[in-house]
S.K.: 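I'd like to ask you about the structure that follows.
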Amino acid sequence: MAAEQNNSPSKHIAIIGAGLAGGLLATLLAQRGWSVDVFERRGDPRLHGYAGGRSINLALAERGLHALRQAGADGEVLKRAVMMRGRFVHPLHGTPSLQRYGRDDSEVIWSIDRGELNISLLDAAESHGARLHFDRRLDHVDFDARIATFKGDAADHAHSFNTLIGADGAGSSLRGQMAPHVALNERSEWLGHGYKELEIPPASDGGFRIEANALHIWPRGHYMCIALPNDERNFTVTLFMPHEGEYPSFAKIQTGDDAQAFFKRDFPDMLSLIPDLREDFEANPTSMLGTLYLDRWHLDNRALLIGDAAHAMVPFHGQGMNCAFEDCAALADMLDQHDDLADAFAAFEAMRKPDAEAIQQMALENYIEMRDKVDDAQFLLQRELELALQARHPERFIPHYTMVTFMRIRYSLALQRSEIQRQILENATRGLDSLNGVDWDATDAAVIEQLHPL
């Protein structure tokens, strides 16, 4: 067994996983004087290319940007990002239109390539002194002896540790090692819907084929397509629909020819945009969607889970990465505030767990909104009223999407206020087809009574 003993001072943390959360956390902790080792089961993407196996597109919002700013990594990341002003909705019948996320270009989200972002964060971590160990798959942890054993290069590698942080994703190896020692009560709830990725390539002149600065949605009830822009002028398209059941489902649509006929019927305007539809559909895997819940995230002062390893969620609010980045910043703050690691981990878990559960719930709810409501007349009327109430009560009535995406208030508070606001909107628009019949006095009174200023 090869020995990889750590001779660093006691203020040492070993991070399992050199993905997005692992790279950012390594940077934030190294900046604070921690001795940091990061272990990654894959090879170095800067040498061998990115081999993530996950969606190549991510939506970066204010929560994630705030954490990147703290690490000094935001500038480099935004150079490669594409601004998205809102949802560009493509109904099956009717005129496509842009639904802005915010009031103006100060409230936008950014489409970023996962591989490029990962590489930027690894460079940042290394520049601040973190030690990166690639081709090291966590195999066993002796929590009593504080020895972690990794497999790689046809050998076992033992590494002594002070504490371990699991940033190794939904299939976390560290979580599996912790399970016999702490009551995690791990459970996964699978959505019953899956996804497959396709591509809209650049136009013949090298530009974008459709509006660049938007997240495109083709809503079709219980299934949909979305498309996010890349800085190479292509779009990553994701088809979401049920795994099983009546047409359309992945059980019924299995071949490239099946996909061609399906898109001709339900997404006819996309056929000319995806010239390799048949080939992409057959070559790309159908992936699952689920939510991971744990009762505990830490094992005293010896191990802690963050990001998807602790609270994986479905992607429909674009907050998985942003939430994980917020975890990293919150954990760094807790480590600043507590000398004892067990106290820091417990305080981190107590603060972040309600917020993680809130955004997991909101992500599930947003799938229904995206696939079924964005072209619904009643939804659009409520959205119109939402903006009007925001203008009338700017400190009280703050749209749901704004709270989640453009602010850093706690997810749990955003969920609580969103549920109150949804009820106000439903009550005010019930039976109406325009804002002309709104009882403004009663609606204003409800806002003032039920929503304290933020």
Side-chain angles (χ1 to χ4, degrees), residues 1-19 21-23 25-26 29-30 33-44 125 129-188 292-312 324 327-328 331-332 334-335 338-349 353:
M1 178 183 293
E4 292 185 354
Q5 298 299 321
N6 167 52
N7 298 315
S8 302
S10 59
K11 192 178 178 182
H12 173 261
I13 282 183
I15 299 172
I16 311 301
L25 183 62
L29 296 184
W34 287 82
S35 173
V36 181
D37 282 279
V38 185
F39 298 88
E40 169 57 46
R41 66 183 177 88
R42 300 185 180 96
D44 189 338
R131 294 172 294 279
L132 308 180
H133 310 269
F134 295 98
D135 297 304
R136 294 290 182 268
R137 179 177 60 82
L138 182 66
D139 183 62
H140 177 71
V141 179
D142 184 332
F143 285 105
D144 294 328
R146 298 193 190 234
I147 299 289
T149 303
F150 299 85
K151 288 190 177 294
D153 300 328
D156 290 347
H157 305 268
H159 184 89
S160 61
F161 66 87
N162 181 39
T163 193
L164 298 174
I165 307 293
D168 51 343
S172 172
S173 297
L174 180 59
R175 190 175 69 241
Q177 294 293 313
M178 291 168 61
H181 303 276
V182 61
L184 299 176
N185 191 20
E186 176 181 336
R187 56 222 181 267
S188 295
L292 170 73
Y293 301 98
L294 303 177
D295 285 351
R296 290 284 300 276
W297 293 357
H298 76 289
L299 170 62
D300 49 58
N301 65 355
R302 290 174 287 178
L304 172 73
L305 303 170
I306 67 168
D308 281 356
H311 50 69
D327 278 357
C328 295
L331 177 58
M334 287 301 178
L335 291 170
H338 298 272
D339 293 330
D340 183 83
L341 284 174
D343 289 344
F345 292 171
F348 168 80
E349 180 183 306
K353 196 164 177 290

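Starting from 1, each residue takes its place in the sequence as its number. Computation of the quantities below employed the complete heavy-atom set of this structure, encompassing side-chain atoms and omitting hydrogens, waters and symmetry-equivalent molecules. None of these values were measured; they are calculated from a predicted model.
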S.K.: Are Phe39 and His159 near enough that their ring centres are under 6.0 Å apart?
M.R.: yes
S.K.: Go through His12 and Asp37 one step at a time and tell me if the side-chain contact (heavy atoms from CB on, under 4.5 Å) criterion holds.
M.R.: CA-CA 8 Å; His12 173 261; Asp37 282 279; 2.8 Å; yes
S.K.: Check for me whether the distance between the ring centres of His157 and Phe150 falls short of 6.0 Å.
M.R.: no
S.K.: Do you know the tightest heavy-atom contact between Met178 and Phe143?
M.R.: CG-CZ, 3.9 Å
S.K.: For Asp44, check side chain to side chain donor-acceptor pair (under 3.5 Å) against everything at least two apart and list the hits.
M.R.: Arg46
S.K.: Shortest non-hydrogen contact from Leu174 to Ala303?
M.R.: CD2-CB, 4.5 Å
S.K.: Does Leu292 reach the side chain of Glu186, with side-chain heavy atoms less than 4.5 Å apart?
M.R.: yes
S.K.: Can you sort out the partners of Phe134 under ring pair (Phe, Tyr, Trp, His ring centres under 6.0 Å), two or more places apart, ordered by chain and number?
M.R.: none
S.K.: Closest heavy-atom contact between Leu138 and Gln177?
M.R.: CD2-CG, 4.3 Å
S.K.: Which residues pass the side chain to side chain donor-acceptor pair (under 3.5 Å) test with Glu349, not counting sequence neighbours?
M.R.: His298
S.K.: Please confirm whether the backbone N or O of Arg302 pairs with a side-chain atom of Asp300, one donor and one acceptor, at under 3.5 Å?
M.R.: yes
S.K.: Checking Asp339 now: which residues fulfil side chain to side chain donor-acceptor pair (under 3.5 Å) with it, not counting sequence neighbours?
M.R.: none
S.K.: Check step by step if side-chain contact (heavy atoms from CB on, under 4.5 Å) holds for Trp297 and Lys353.
M.R.: CA-CA 9 Å; Trp297 293 357; Lys353 196 164 177 290; 3.9 Å; yes
S.K.: Apply salt bridge (charged side-chain N to carboxylate O under 4.0 Å, His left out) to Asp295 and list each qualifying residue two or more places apart in sequence or on a separate chain.
M.R.: Arg187
S.K.: In chain order, what residues pass the ring pair (Phe, Tyr, Trp, His ring centres under 6.0 Å) check against His338, with sequence neighbours excluded?
M.R.: none
S.K.: Under the salt bridge (charged side-chain N to carboxylate O under 4.0 Å, His left out) definition, can you give me all pairs with a residue in residues 161-171, not counting sequence neighbours?
M.R.: none
S.K.: Can you sort out the partners of Ala145 under side chain to side chain contact (heavy atoms under 4.5 Å, CB included), two or more places apart, ordered by chain and number?
M.R.: Asp142, Ile147
S.K.: Taking side chain to side chain contact (heavy atoms under 4.5 Å, CB included) as the definition, give me every residue that meets it alongside Ala21, ordered by chain and number, with sequence neighbours left out.
M.R.: Ala167, Ile306, Ala324, Cys328
S.K.: Picking from Arg296, Arg175, His311, what satisfies side-chain contact (heavy atoms from CB on, under 4.5 Å) with Leu305?
M.R.: Arg175
S.K.: Please identify each residue that fulfils side chain to side chain contact (heavy atoms under 4.5 Å, CB included) with Ala342, with sequence neighbours left out.
M.R.: Asn301, Asp340
S.K.: Nearest 0.5 Å please: distance from the CG atom of Leu25 over to the CD1 atom of Ile13.
M.R.: 6.5 Å
S.K.: Any ion pair linking Arg136 and Glu40 (charged N to carboxylate O, less than 4.0 Å)?
M.R.: no
S.K.: Check whether the side chains of Asp156 and His140 place a donor and an acceptor atom closer than 3.5 Å, and report yes or no.
M.R.: no
S.K.: Nearest 0.5 angstrom please: Phe345 CZ to Leu299 CG, how far?
M.R.: 9.5 Å
S.K.: Using the test side chain to side chain contact (heavy atoms under 4.5 Å, CB included), find all partners of Asp139 that sit at least two apart in sequence or belong to another chain.
M.R.: Arg137, Lys151
S.K.: Nearest 0.5 Å, what's the CG-CD1 distance between Leu304 and Ile165?
M.R.: 4.5 Å
S.K.: Side chains of Leu335 and Leu29, heavy atoms from C-beta outward: is any pair under 4.5 Å?
M.R.: yes
S.K.: Are Phe348 and Asp327 side-chain neighbours, meaning at least one heavy-atom pair lies under 4.5 Å?
M.R.: yes
S.K.: Could you pull out all residues at least two apart from Asp135 that satisfy side chain to side chain donor-acceptor pair (under 3.5 Å)?
M.R.: none
S.K.: Please tell me if the side chains of Leu164 and Val141 come closer than 4.5 Å, counting only heavy atoms from C-beta onward.
M.R.: yes
S.K.: With no hydrogens and no angle check, do the side chains of Ser35 and Arg131 hold a donor and an acceptor under 3.5 Å apart?
M.R.: yes
